[in-house]
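Take a look at the structure set out below.
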There are 2 protein chains.
Amino acid sequence: MPSFDHSAPDAPDLMTVLRALADPIRLEVVQTLSRVEYANCAALLGDRPKSSMSHHFQVLREAGLVRTEIQGVQHLNFLRRAEIDARFPGLLAAILQS
Amino acid sequence: MPSFDHSAPDAPDLMTVLRALADPIRLEVVQTLSRVEYANCAALLGDRPKSSMSHHFQVLREAGLVRTEIQGVQHLNFLRRAEIDARFPGLLAAILQS
DNA sequence: TAAATTGTTCGATGAAAGGCGAACAATAAA
DNA sequence: TTTATTGTTCGCCTTTCATCGAACAATTTA
């Protein structure tokens with residue numbers, strides 16, 4: 001199953017995670033992914049260009065917040081709940097319910 | 001008791017809080033204040049200029065994270081635990097223990 | 001093969017943010 | 001009153017970051 005390289009960001013530091021979340025679009029993406037389980041980029045484009053969203057997903061991946069699986073021509077993005085909760089207990093819950 | 005104006009930032013939004021925390025110096029200040037109850041600016045200056053720290057405290061105040069009480073010539077900074085916990089339950093705990 | 005779909009990558013641009021020194025304000029102490 | 005102490009404010013500079021269009025890559029479909 002093809003996918004991006006997620007080997008490095010398995011242990012991101014807190015600053016990287018906070019910086020990734022400190023953006024309105026990325027926070028919205030995380031909140032959406034927490035509800036729908038997965039989504040491709042197109043589903044999360046508002047009226048923004050694809051290149052912008054691609055950048056935001058890259059930041060989220062590098063922060064270890066999102067995992068992307070390539071399925072055919074689509075990139076399915078998942079919120080990495082278990083990994084985030086293991087590394088930063090309570091953080092995701094606090095952010096999602098605020 | 002003289003102090004800064006903390007009337008407005010009593011209900012900051014999540015983005016403002018995340019942006020305030022997404023800086024290494026400010027995160028360090030918050031972590032320090034969680035241990036010592038209060039501290040003046042001088043106690044938290046590393047070798048940085050005062051103007052830089054003053055700026056960071058302003059950001060923390062505007063995000064509702066820190067309260068500053070003027071006592072004589074010193075400005076005593078407190079972490080606003082209760083208010084933060086009330087508005088963003090679990091957030092502070094998650095960040096401080098990570 | 002050819003065309004369409006889905007994202008990525010690249011380069012340029014503009015805005016936001018941090019860092020710093022100098023001048024200023026307020027209080028305390030000599 | 002004069003000096004010292006503690007932060008703030010201001011202006012400038014630099015760096016970082018988001019945004020966007022265009023070109024490219026990979027896969028699916030006609």
Side-chain angles (χ1 to χ4, degrees), chain A residues 1-6 8-9 12-13 15-30 32-33 36 38-63 65-78, chain B residues 1-6 8-9 12-30 32-33 36 38-63 65-79:
Chain A
M1 179 181 298
S3 70
F4 282 73
D5 175 24
H6 296 101
D13 63 351
M15 274 306 309
T16 303
V17 170
L18 289 177
R19 266 201 275 255
L21 293 172
D23 174 274
I25 294 183
R26 291 193 294 263
L27 184 60
E28 180 191 343
V29 167
V30 168
T32 299
L33 288 181
V36 301
Y38 73 91
N40 62 355
C41 283
L44 298 173
L45 285 174
D47 51 353
R48 297 172 275 269
K50 299 180 297 180
S51 54
S52 292
M53 290 307 292
S54 184
H55 163 67
H56 288 304
F57 277 110
Q58 180 185 352
V59 173
L60 290 170
R61 277 193 298 267
E62 288 175 356
L65 293 173
V66 165
R67 173 174 47 89
T68 302
E69 290 183 7
I70 301 178
Q71 186 168 333
V73 74
Q74 300 192 73
H75 291 201
L76 305 187
N77 299 284
F78 299 78
Chain B
M1 177 181 301
S3 70
F4 283 73
D5 174 24
H6 297 100
D13 63 349
L14 182 58
M15 275 306 310
T16 304
V17 170
L18 289 176
R19 266 201 274 254
L21 293 172
D23 174 275
I25 294 182
R26 292 195 293 264
L27 185 61
E28 180 190 342
V29 167
V30 167
T32 300
L33 289 182
V36 301
Y38 73 91
N40 63 356
C41 284
L44 298 173
L45 284 175
D47 51 354
R48 297 171 275 269
K50 299 181 295 179
S51 53
S52 291
M53 290 308 290
S54 185
H55 161 69
H56 287 305
F57 277 111
Q58 181 185 351
V59 174
L60 289 171
R61 278 193 298 268
E62 289 175 356
L65 293 172
V66 165
R67 173 175 46 90
T68 302
E69 290 182 8
I70 301 178
Q71 187 168 331
V73 74
Q74 300 192 75
H75 291 202
L76 306 186
N77 300 284
F78 298 78
L79 186 59

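Note on naming: letters A, B, ... go to the chains in the order of the sequence lines (proteins, then strands), and numbering restarts at 1 for each one.
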In whole Å, I'd like the distance from the [atom1] atom of [X] to the [atom2] atom of [N].
| X | N | atom1 | atom2 | answer |
| --- | --- | --- | --- | --- |
| B:Asp23 | D:dT16 | CG | P | 13 Å |
| A:Gln74 | C:dA4 | CD | P | 18 Å |
| A:Gln71 | D:dT28 | CD | C1' | 13 Å |
| B:Leu27 | C:dG18 | CG | P | 13 Å |
| A:Glu28 | D:dA18 | CD | P | 15 Å |
| A:Ile25 | C:dA16 | CD1 | C1' | 15 Å |
| A:Lys50 | D:dC24 | NZ | C1' | 11 Å |
| B:Met53 | D:dT5 | CE | P | 20 Å |

Quiz item: So how far is it from A:Asn40 CG to A:His75 NE2, rounded to the nearest 0.5 Å?
Solution: 10.0 Å
Quiz prompt | Check: A:Asn77 main-chain N/O paired with A:Arg61 side-chain donor or acceptor under 3.5 Å | solution = no
Under-4.0 Å side-chain N/O to phosphate OP1/OP2 contact, [X] with [N]:
| X | N | value |
| --- | --- | --- |
| A:His55 | D:dA18 | yes |
| A:Arg61 | C:dT8 | yes |
| B:Arg19 | C:dA16 | no |
| A:Arg26 | D:dA18 | yes |

Any idea which of [options] is nearest the [X] side chain?
| X | options | value |
| --- | --- | --- |
| B:Ser51 | D:dT27, D:dT9, D:dG7 | D:dT9 |
| B:Asn40 | C:dT8, D:dG7, D:dA18 | D:dG7 |
| A:Val73 | C:dG19, C:dA26, C:dT6 | C:dT6 |
| B:Arg48 | C:dC20, D:dG7, D:dT5 | C:dC20 |
| B:Ser54 | C:dG19, D:dA22, D:dT8 | D:dT8 |

